Structure formats: structure tokens, C-alpha cells
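Reading through the C-alpha cells given below for one structure.
Values below: all heavy atoms of this structure, side chains included; hydrogens, waters and symmetry mates excluded. The shown structure was predicted, so the numbers you read here are calculated from the model rather than taken from an experiment.
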Amino acid sequence: MKLLLYFKTLITCVLILMASAAFSVQATEASNDQTEKKDELTAIEYLQLMQKSYKNLNYEILYLNNLKNTVEPKQLLHGVINQEEIVYFRYLNGAMRESLQYLQKISYFEQGSQPYTLQSTRNQSVFANIANFDYDQGLVSYEYIILGKGRIAGKTAMAIRMISKDQYRYSYIVWIDLDTHLPLRLDTINNENIILDQIMVVSLKVSEQLNPWLESLSNQKLPELFHLTQSSNLQASLWKVDWLPAGFKVVKDDQHKLVMYENEPVSYIMLNDGIVSVSIYISTKKTTSEQQQNIIQRGATVLYTDQKDNFEINVIGEIPVATAKRLIESISMVE
């Protein structure tokens with residue numbers, strides 16, 4: 001009897017311990033679920049974290065630019081020196097083409113050409129358009145949606161879709177590395193969900209220290225600064241745009257003398273929505289009836305040429321053809 005009682009007591013203790021362990025596991029799982037929910041980010045928060053990482057980290061990326069069945073491998077080195085960004089970029093195939101951007105200047109080096117430097121405050125590196133975009137203001141033009149996780153360049157990434165709220169701009173899908181929050185892929189998509197342009201990272205290296213190559217470049221003498229002559233900017237444009245897609249603003253409005261127009265003054269208007277820039281040129285160049293309208297599209301970029309009242313109008317930018325057409329229709333002379 002004593003032995004039977006002993007076994008009953010032992011079994012009861014084991015059952016109590018098992019129940020306690022099961023409760024502990026459930027409590028841990030519930031706690032983990034609550035932590036995961038607490039750590040979940042919204043689409044716009046992911047995008048804003050991506051912006052901070054892109055500007056503040058030291059990194060090297062190798063990426064492919066896939067444009068109309070043409071794949072171009074490129075390299076980007078990024079670093080920060082005394083809170084100033086320094087960016088080195090180069091093409092990896094064909095003739096040597098490189099650029100260095102630092103201290104509000106950008107220098108260009110191309111095989112067979114004289115290197116030169118321009119004054120520039122605008123970051124012109126890959127992903128710069130989405131890295132400099134104001135996503136809060138962008139809610140007027142885009143909706144941000146989390147698509148889910150994927151794998152890019154061997155890294156777990158979160159895919160965010162930026163859906164255009166109208167037919168006058170493209171939509172985008174951005175893949176963001178969950179570890180560093182750096183962008184790993186960017187697709188430009190039209191209204192039919194066709195990818196027009198794609199940038200995909202194949203290798204990403206992030207370091208605490210500045211890349212030694214960038215440090216040496218920061219101390220080298222840059223090519224001579226090229227100054228645009230004052231005569232190239234004559235006066236305000238004689239034309240205006242009466243319609244703009246939501247979010248777009250006129251950021252430049254003047255006249256140029258261009259060689260392609262035999263140095264005749266050409267009215268120039270630049271539009272920008274924070275991601276895309278659109279250039280409009282208006283000249284008195286005469287064209288034949290067969291040349292009056294011409295549309296050239298390469299990937300997401302369109303060149304739309306049309307004739308209006310003896311004036312030739314060219315619209316160039318990463319916009320749908322319908323947008324370029326409507327912009328031309330809305331152009332009128334300044335009274």
C-alpha cells in the first residue's frame with residue numbers, strides 16, 4: 001500500500017510539473033506575440049528608417065540596373081565625414097565612368113574626356129530619389145502598403161509598395177533590409193503593373209569605419225570647377241504650365257541657349273514631386289508635319305515632342321505618356 005501511495009504521489013507531482021511547464025510556454029509565447037506586435041512598424045516608418053540609414057551609414061553596394069532587357073552592373077560607396085556625406089559611384093562594365101560627390105560638389109571622370117566638377121547640393125546617387133522624399137507630404141500622391149517579407153542579396157527584406165493615387169505618375173515597390181534598413185531593390189511600375197525600371201542590390205557591406213578609399217578621395221584635389229556662364233540664363237520663361245499633377249511643383253523657370261537649337265533662347269521649366277523631375281523645353285524650332293509629334297520611351301523615361309502654334313515643345317521625365325501629353329496641352333504663354 002505504501003508503495004502504491006508513493007507512485008500515486010509521484011505521478012501527481014509529474015502532472016503538476018507538466019502543467020506548470022505548459023503554462024510557462026504559453027505565457028512565453030503570448031509575451032513574444034505581444035513583443036512582436038509592439039515592434040511592428042507601419043509602411044511609412046519603414047520608409048523613414050530607410051532614409052536615415054541611407055544618409056548616415058558607411059556602406060558599399062554592388063547593384064544591377066535592369067532597364068529594357070539591358071543589365072548594367074554598378075558600384076556605390078557611401079560614407080560620412082564630419083556629418084557630410086561622401087559618395088563615390090562607378091560603372092563596372094565598359095569604358096571608365098566615375099563620379100565623386102562631396103561638400104556640395106560633384107566631379108565626373110570619363111575615359112577619353114576631361115574631368116570636371118559642378119556645384120551641386122542634390123544627391124544624385126542610386127536610391128537618392130526615394131531616400132530624399134518627404135513621405136508625410138507624399139501621402140497626397142501615394143499610398144504606402146506593406147506587401148510582406150522577401151529575400152534580396154541573401155538578406156531578409158520588407159517590401160513596401162508606394163501606390164500612385166492617380167494615373168499621372170508611376171508606382172514603386174521598395175525592398176528594405178530588416179537588419180540595416182538600407183534599400184535593396186526598387187521597381188518602377190506602370191498602371192498595368194509592368195516593371196519599367198529595376199534597381200537590385202546583389203552585395204551589401206556595412207561598416208562602422210569609413211571606407212579607406214573614400215577617405216583618400218576626400219583629401220584629393222578635385223578637377224576644376226566648371227562655372228555656367230551668366231548668358232546661359234537670360235530671363236524668366238515666356239511660358240507657363242496651367243496644370244500640374246498633385247504633388248508636383250515648378251522648381252525652375254528660365255531661358256537657356258542650347259547648341260541643338262543653334263543658340264536660340266529656349267524656355268525651360270522644371271517640375272518636381274520629390275521623386276521625379278520633369279523638364280520642359282519650348283523653342284521656335286520649325287518642324288515638318290511628319291515630325292510634329294514624336295514619342296520615345298526607354299524604361300520609365302519618356303521624351304514627348306509636339307508642335308503647338310509654331311513652337312516645338314519637348315517634355316522629358318519619368319512619367320507616363322498621358323502625363324506628358326496633358327502637360328503640353330496645358331502650356332500657354334505668359335501674358
| Pair N211-N58, side-chain contact (heavy atoms from CB on, under 4.5 Å): steps then yes or no | CA-CA 7 Å; N211 187 293; N58 298 309; over 6 Å; no
| field | N65 to Q198 - nearest heavy-atom pair and separation | value | ND2-O, 3.2 Å
| task | On the 0 to 90° scale, with breaks at 30° and 60°, tag the H181-Y46 ring pair as parallel, tilted or perpendicular. | result | tilted
| request: Examine R169 relative to Y142 and say whether NZ or CZ is less than 6.0 Å from the centre of the six-membered ring and inside a 45° cone about the ring axis. | output: yes
| message | With rounding to the nearest 0.5 angstrom, report the OH to CD1 distance, Y281 to I269. | response | 11.5 Å
| request: Kindly indicate whether the side chain of L100, heavy atoms from C-beta on, has any atom under 4.5 Å from the side chain of Q220. | output: no
| request: Without swapping roles, check the side chain of N193 against the backbone of I189 for a donor-acceptor pair under 3.5 Å. | output: no
| Between Q51 and A131, is there a donor-acceptor pair closer than 3.5 Å when you use the side chain of the first and the backbone of the second? | yes
| said: Around atom CG of D242, are there more than 12 heavy atoms from other residues, nucleotides or ligands closer than 6.0 Å? | reply: yes
| message | To check you understand the geometry: which heavy-atom pair defines the closest contact between A300 and L196, and what is its length? | response | N-CB, 3.9 Å
| query | With a cut-off of 6.0 Å (strictly less than), are more than 12 heavy atoms of other residues, nucleotides or ligands near NZ of K74? | reply | yes
| Does N190 use its side chain to pair, donor to acceptor, with the backbone of E192 at less than 3.5 Å? | yes
| message | Between K252 and D254 (salt bridge meaning N to carboxylate O under 4.0 Å), is one present in this structure? | response | no
| said: Are L178 and L41 linked, directly or through intermediate hydrophobic residues, by side-chain heavy-atom contacts shorter than 4.5 Å (ILVMFWY only)? | reply: yes
| Is a side-chain donor or acceptor of K308 paired with a backbone partner of I328 at a separation under 3.5 angstrom? | yes
| task | Please report the C-alpha distance between V302 and I319 in whole Å, then the side-chain angles of each, then the deciding distance to 0.1 Å, and finally whether the side-chain contact (heavy atoms from CB on, under 4.5 Å) criterion is met. | result | CA-CA 7 Å; V302 65; I319 52 174; 3.8 Å; yes
| Distance, nearest 0.5 Å, that separates CD1 of I316 from OG1 of T301 | 9.5 Å
| said: Around atom CD of Q297, are there more than 12 heavy atoms from other residues, nucleotides or ligands closer than 6.0 Å? | reply: yes
| Is there a donor-acceptor pair closer than 3.5 Å between any side-chain N or O of S330 and the backbone N or O of V241? | no
| Cluster check M200, L67: I/L/V/M/F/W/Y, side chain < 4.5 angstrom | no
| Of the non-hydrogen atoms in V276 and F248, which two are nearest, and what is the gap between them? | O-CE2, 3.9 Å
| field | Connected via hydrophobic side-chain network under 4.5 Å: L57 and L49 | value | yes
| request: Measure the spacing between CD of E215 and CD1 of I86 and express it to the nearest 0.5 Å. | output: 9.5 Å
| If only atom types and distance count, is the side chain of Y144 paired as donor or acceptor with the main-chain N or O of Y135 below 3.5 Å? | yes
| said: Just checking K55: does its NZ atom have more than 12 heavy atoms from other residues, nucleotides or ligands closer to it than 6.0 angstrom? | reply: yes
| said: Which label fits F311 and W239: parallel for a plane angle under 30°, tilted from 30 to 60°, or perpendicular past 60°? | reply: perpendicular
| request: Given side-chain contact (heavy atoms from CB on, under 4.5 Å), test Y108 with L118 step by step and report yes or no. | output: CA-CA 8 Å; Y108 294 94; L118 295 176; 4.1 Å; yes
| task | Check whether any side-chain N or O of H78 sits under 3.5 Å from a backbone N or O of E85 as a donor-acceptor pair, and report yes or no. | result | no
| request: Look at the side chain of Q119 and the backbone N and O of Q104, then say whether any donor-acceptor pair between them is shorter than 3.5 Å. | output: yes
| query | Can you check whether E45's main-chain N or O pairs, donor with acceptor, with T42's side chain at less than 3.5 Å? | reply | yes
| Is any side-chain heavy atom of S218 closer than 4.5 Å to a side-chain heavy atom of Y102? | yes
| Which is it for L204 and T180 under the side-chain contact (heavy atoms from CB on, under 4.5 Å) test, yes or no, and what are the steps along the way? | CA-CA 10 Å; L204 169 65; T180 64; 4.0 Å; yes
| Do F109 and P223 have side chains that get closer than 4.5 Å, going by heavy atoms? | yes
| Is the closest side-chain heavy-atom distance between Q75 and Y88 below 4.5 Å? | yes
| field | D187 CG to I195 CD1 distance, which is reported to the nearest 0.5 Å | value | 4.0 Å
| field | Inter-residue atom distance I282.CD1 - I313.CD1, 0.5 Å rounding | value | 5.5 Å
| query | D197 versus Y170: any side-chain heavy-atom pair under 4.5 Å? | reply | no
| Who are the ring-ring contact (aromatic ring centres under 6.0 Å, His included) partners of Y168, not counting sequence neighbours? | W243
| Is L139 reachable from I160 through a run of hydrophobic residues whose side-chain heavy atoms are each under 4.5 Å from the next? | yes
| Would you say I295 and V321 make side-chain contact, with heavy atoms under 4.5 Å? | yes
| said: When you compare the side chain of D273 with that of V278, does any pair of heavy atoms fall below 4.5 Å? | reply: no
| query | Measuring from Y116:OH to I106:CD1, what's the distance to the nearest 0.5 Å? | reply | 8.5 Å
| How far apart are the closest heavy atoms of A324 and Y304, and which atoms are they? | CB-CB, 3.7 Å
| request: Kindly say whether S171 contributes a backbone atom to a donor-acceptor pair with the side chain of S164 at under 3.5 angstrom? | output: no
| request: Quick one: closest heavy-atom pair of T117 and S107, and the distance? | output: OG1-OG, 2.8 Å
| query | Nearest heavy-atom pair of L182 and M50: which atoms, and what distance? | reply | C-CG, 4.5 Å
| Less than 4.5 Å apart, any side-chain heavy atom of D177 and any of V206? | no
| Taking a hydrophobic cluster as the set of Ile, Leu, Val, Met, Phe, Trp and Tyr residues connected by side-chain heavy atoms closer than 4.5 Å, whether directly or through intermediates, do L77 and F89 fall within one such cluster? | no
